Amino acid sequence: MRTVLLSLLLAAPTLARAQYYEEHRALSLLGGPGLGYTSAIRGEEAETGLGLLIDVGASLTVGYDQDELFLAARGVVGKAGGEGVLLGGFRSSFGHEDWQTFFELGAAARLFSGTWLGPRIGFGLRHTLSDRLSWYGGLGLSLGFGSGMRADAEAFTGLQWSFPISAR
């Protein structure tokens, strides 16, 4: 009986966290501008240059309330040409105050300027403006393989508009 009571006492913080998570599950809309730099090699041709970015996407909280899966469509115009990019991955935020840091791990797929697919990482800050609205900004790096090789660096910013949903 002591073992059961001790187990329940030790599990209480985890159970409390699980209940907190269920109450804070959300679907979010994401969108904002950015600036990127591309360096691509396709055959014997090299393309480099700056580009303007615009992202539109969504995210869904998973696991703890600070973690989310995201999917975004990105339009890019710039010296290296125009293209469409699909971004997806996992974002984990740290901190429970108005200011939080985040880390992203995912993939980028470019489909219209040749086929490129590769890993992407990002990191940045998020500031809570209200219960449902946050501002975020950060830096990202991605590699692409397929129609040659490419590396992209980006500075991005945007708004995240969250809608609470049931955990069931």
Side-chain angles (χ1 to χ4, degrees), residues 25-63 65-165:
R25 191 152 181 206
L27 175 67
S28 299
L29 298 178
L30 310 167
L35 184 64
Y37 182 80
T38 299
S39 180
I41 300 171
R42 189 183 306 179
E44 293 186 20
E45 293 180 35
E47 300 172 348
T48 60
L50 293 174
L52 296 175
L53 319 172
I54 187 79
D55 293 341
V56 176
S59 69
L60 177 66
T61 56
V62 295
D65 67 325
Q66 299 290 318
D67 299 334
E68 52 194 340
L69 295 175
F70 69 92
L71 182 64
R74 172 178 284 171
V76 182
V77 291
K79 186 176 178 182
E83 63 184 351
V85 183
L86 290 176
L87 304 171
F90 177 78
R91 177 185 290 167
S92 187
S93 297
F94 305 96
H96 291 286
E97 301 297 324
D98 289 346
W99 286 96
Q100 300 173 340
T101 58
F102 66 84
F103 179 77
E104 298 175 340
L105 183 60
R110 288 161 179 82
L111 305 172
F112 302 114
S113 62
T115 304
W116 310 82
L117 179 65
R120 180 183 175 276
I121 60 169
F123 59 93
L125 293 173
R126 179 168 56 192
H127 179 61
T128 302
L129 302 171
S130 71
D131 289 351
R132 297 202 177 171
L133 191 63
S134 298
W135 168 87
Y136 62 89
L139 301 172
L141 298 169
S142 62
L143 297 175
F145 304 96
S147 298
M149 291 178 47
R150 71 182 290 147
D152 292 276
E154 64 200 49
F156 57 90
T157 186
L159 292 175
Q160 181 172 6
W161 189 14
S162 298
F163 302 94
I165 58 175

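Computed from heavy atoms alone, side chains included, the values below leave out hydrogens, waters and symmetry copies. All values derive from a computational prediction rather than experimental measurement.
- By the 6.0 Å contact criterion, CG on D131 is open, its count of non-hydrogen atoms from other residues, nucleotides or ligands being 12 or less.
- Note on R110 versus E47: no salt bridge recorded, every NZ/NE/NH1/NH2 to OD/OE distance being 4.0 Å or above.
- Using a distance-only test at 3.5 Å, with no hydrogens or angles considered, a donor-acceptor pair links the side chain of S147 to the main chain of T115.
- At a threshold of 4.5 Å between non-hydrogen side-chain atoms, the residues R74 and E154 count as touching.
- The shortest distance between side-chain heavy atoms of F163 and L29 falls below 4.5 Å.
- Both tests hold for R91 against Y136: distance to the six-membered ring centre under 6.0 Å, angle to the ring axis within 45°.
- Within the 4.5 Å cutoff, the side chain of P33 has no heavy atoms near those of the L52 side chain.
- Counting heavy atoms from C-beta outward, R132 and P164 have side chains that approach closer than 4.5 Å.
- F123 places a side-chain heavy atom less than 4.5 Å from the side chain of L139.
- Rounded to the nearest 0.5 Å, atoms OG (S59) and CD (E68) are 3.5 Å apart.
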Problem - Candidate pair T128 and D98, rule side-chain hydrogen bond (donor to acceptor under 3.5 Å, both in side chains), full reasoning - result: CA-CA 5 Å; T128 302; D98 289 346; 5.1 Å; no
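- W99 and H127 are linked by a side-chain donor-acceptor pair at a separation below 3.5 angstrom, with hydrogens and angles left out of the test.
- Side-chain atoms of D152 and T38 include a donor-acceptor pair closer than 3.5 Å.
- Checking side-chain atoms of S28 against main-chain N and O of A58 turns up no donor-acceptor pair under 3.5 Å.
- Counted within 6.0 Å of CG on L111, heavy atoms from surrounding residues, nucleotides or ligands total more than 12; the atom is thus considered enclosed.
- A cation-pi arrangement, defined by a distance under 6.0 Å to the six-membered ring centre and an angle within 45 degrees of its axis, is present between R120 and F156.
- A cation-pi arrangement is present between R150 and W116, with the terminal nitrogen or guanidinium carbon under 6.0 Å from the aromatic centre and inside a 45° cone about the axis.
- Between the side chains of T157 and W135, at least one donor N or O sits under 3.5 Å from an acceptor N or O.
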